[in-house]
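Since the model is a prediction, treat every value here as computed from it, not as a measurement.
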Amino acid sequence: MVLATRNADKVAEIRRILRLPAGGLVSLLDYPELPEIDETGLTLEDNALIKAREAHRQTGLPCLADDTGLEVDALKGAPGVFSSRFAGPGATYADNTAKLLRAMEAVQEKNRRARFRCVVALKAGKREEWVEGNLEGVILREARGDGGFGYDPVFFIPQAGKTLAEMTLEEKNAVSHRGAAFRRMAERLAERPV
Ligand code: ITT
């Protein structure tokens with residue numbers, strides 16, 4: 001199976017979620033010659049399917065894709081499907097997080113709820129399926145911790161008393177949107193292999 005992503009942070013997490021050995025997960029990082037996939041969809045489901053279909057077309061192999069968005073209630077669900085480009089094309093994780101904190105400066109504590117939503121799509125021959133995993137949390141006013149990636153340093157989990165960036169990889173995977181979604185997809189594949 002090919003994981004249709006070039007995000008090395010996602011690959012590292014997914015490898016551990018699926019308990020695969022080092023080098024045991026092939027991704028588009030292993031196919032540098034293939035062109036970038038345009039994420040033209042308006043929903044996470046659309047973009048996950050676009051990535052899985054296109055990688056399947058390019059490689060001929062069964063493909064899985066992950067599309068993830070941070071939905072902030074006070075921003076009416078933004079950045080959502082635009083999470084990777086919130087601060088513009090080519091934005092870094094730090095640029096996006098800084099823009100998020102600025103946009104939320106005037107938002108009171110009780111209104112800072114947000115969630116990560118991760119959609120994982122499968123494309124194998126004619127077969128197309130997708131599953132979802134969610135994680136609820138609160139956006140802090142400043143970054144805490146240096147683990148994880150993306151918006152993790154400002155995403156606080158009240159039940160854990162930590163941000164995702166203050167968790168170990170195992171702790172994050174046990175509670176995360178991506179952990180839930182990939183475990184669901186692994187169950188589907190165990191019931192009905194490709
Ligand atoms: P691929 O499309 O190649 O998979 P990407 O980084 O563009 O890589 P997405 O389109 O799913 O992936 O963008 C989601 C963005 O949301 C990502 O760039 C991060 O900024 C953020 N993100 C995704 N998962 C996250 C996580 O577990 N924790 C924190 N931020 C995350």
Side-chain angles (χ1 to χ4, degrees), residues 1-41 44 47-59 61-70 79-100 116-123 130-133 135 137 143-155 162-186 189:
M1 281 231 182
V2 176
L3 186 64
T5 182
R6 287 200 166 88
N7 182 322
D9 295 308
K10 285 187 184 177
V11 176
E13 284 189 6
I14 295 162
R15 186 172 72 71
R16 289 284 282 275
I17 294 165
L18 301 178
R19 301 187 192 287
L20 298 169
L25 183 58
V26 176
S27 74
L28 294 181
L29 293 168
D30 301 296
Y31 291 86
E33 70 285 3
L34 295 183
E36 285 291 318
I37 300 172
D38 279 338
E39 296 185 35
T40 52
L44 298 175
N47 277 342
L49 275 168
I50 287 171
K51 289 189 273 192
R53 284 180 190 139
E54 188 56 20
H56 181 62
R57 202 182 61 77
Q58 291 170 349
T59 64
L61 294 168
C63 289
L64 288 174
D66 160 330
D67 206 57
T68 299
L70 174 67
V81 75
F82 302 110
S83 293
S84 66
R85 303 160 267 169
F86 190 39
T92 64
Y93 293 152
D95 297 335
N96 288 331
T97 303
K99 179 168 176 184
L100 174 67
F116 277 113
R117 216 155 67 76
C118 174
V119 175
V120 175
L122 166 71
K123 175 74 180 171
W130 61 95
V131 294
E132 184 180 321
L135 177 63
R144 275 173 49 175
D146 49 19
F149 69 98
Y151 299 95
D152 282 350
V154 296
F155 194 88
K162 295 179 187 182
T163 68
L164 284 177
E166 292 175 307
M167 294 186 177
T168 63
L169 184 53
E170 292 301 324
E171 286 173 330
K172 177 178 173 185
N173 285 342
V175 298
S176 80
H177 45 296
R178 181 164 297 106
F182 273 91
R183 282 190 291 273
R184 262 174 213 142
M185 183 55 82
L189 287 166

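Between D67 and I50 there is no side-chain heavy-atom pair separated by less than 4.5 Å. By the 4.5 Å heavy-atom criterion applied to side chains, C63 and Q58 are not counted as neighbours.
In plain terms, the two heavy atoms of G133 and R184 that are nearest each other are CA-NH1, 3.9 Å. When all heavy atoms of A52 and A65 are compared, the closest pair comes out as N-CB, 3.6 Å. Across A121 and M185, no two heavy atoms sit closer than the pair C-CE, 4.2 Å. Between R183 and A174, the closest heavy-atom pair is NH2-O, 3.5 Å. The two atoms that bring G145 and P153 nearest to each other are O-CB, 4.0 Å, heavy atoms only.
E13 contributes atom CD, which lies 9.0 Å from atom SG of C118 (distance to the nearest 0.5 angstrom). One distance of note links NZ of K162 with OG1 of T168; it measures 7.0 Å at 0.5 Å rounding. Atom CG of L25 sits about 7.0 Å away from atom CD1 of I14, to the nearest 0.5 Å. Considering CG of L61 and NZ of K123, their distance stands at 13.5 Å, rounded to 0.5 Å. One finds the CD atom of E39 at 6.0 Å from the CZ atom of R85 (value rounded to the nearest 0.5 Å). To the nearest 0.5 angstrom, N173 atom CG is 9.0 Å from R19 atom CZ.
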Stepwise side chain to side chain contact (heavy atoms under 4.5 Å, CB included) test for M167 and V175 = CA-CA 10 Å; M167 294 186 177; V175 298; 4.1 Å; yes
task = Would you please test V119 and N47 for side chain to side chain contact (heavy atoms under 4.5 Å, CB included) and show each step?
result = CA-CA 9 Å; V119 175; N47 277 342; over 6 Å; no
request  = Starting from the C-alpha separation in whole Å, work towards a yes-or-no answer on side chain to side chain contact (heavy atoms under 4.5 Å, CB included) for L28 and K51.
outcome  = CA-CA 10 Å; L28 294 181; K51 289 189 273 192; over 6 Å; no
key: Chi angles and distances behind the side chain to side chain contact (heavy atoms under 4.5 Å, CB included) call for D66, T5   = CA-CA 7 Å; D66 160 330; T5 182; 5.9 Å; no
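Among the candidates L100, L70, L164, the single residue satisfying the side chain to side chain contact (heavy atoms under 4.5 Å, CB included) test with V154 is L100.
For R15 (side chain) and L20 (main-chain N/O), a donor-acceptor pair under 3.5 Å exists by modelled atom type. With hydrogens and angles disregarded, a donor-acceptor distance shorter than 3.5 Å links the side chain of D152 to the backbone of F149. Remark: the backbone N or O of T163 is paired with a side-chain donor or acceptor of E166 at under 3.5 angstrom. Side-chain atoms of S27 never come within 3.5 Å of backbone atoms of V11 as a donor-acceptor pair (strictly under, hydrogens ignored). N96 places a side-chain N or O within donor-acceptor distance of the main-chain N or O of S84, the cut-off being under 3.5 Å. Remark: the backbone N or O of V120 is not paired with any side-chain donor or acceptor of R178 at under 3.5 angstrom.
Ion pair R57/E54 flagged as a salt bridge, since at least one NZ, NE, NH1 or NH2 atom sits closer than 4.0 Å to an Asp/Glu carboxylate oxygen.
A tilted orientation is assigned to the rings of F116 and Y151, their planes being inclined by 30° to 60°.
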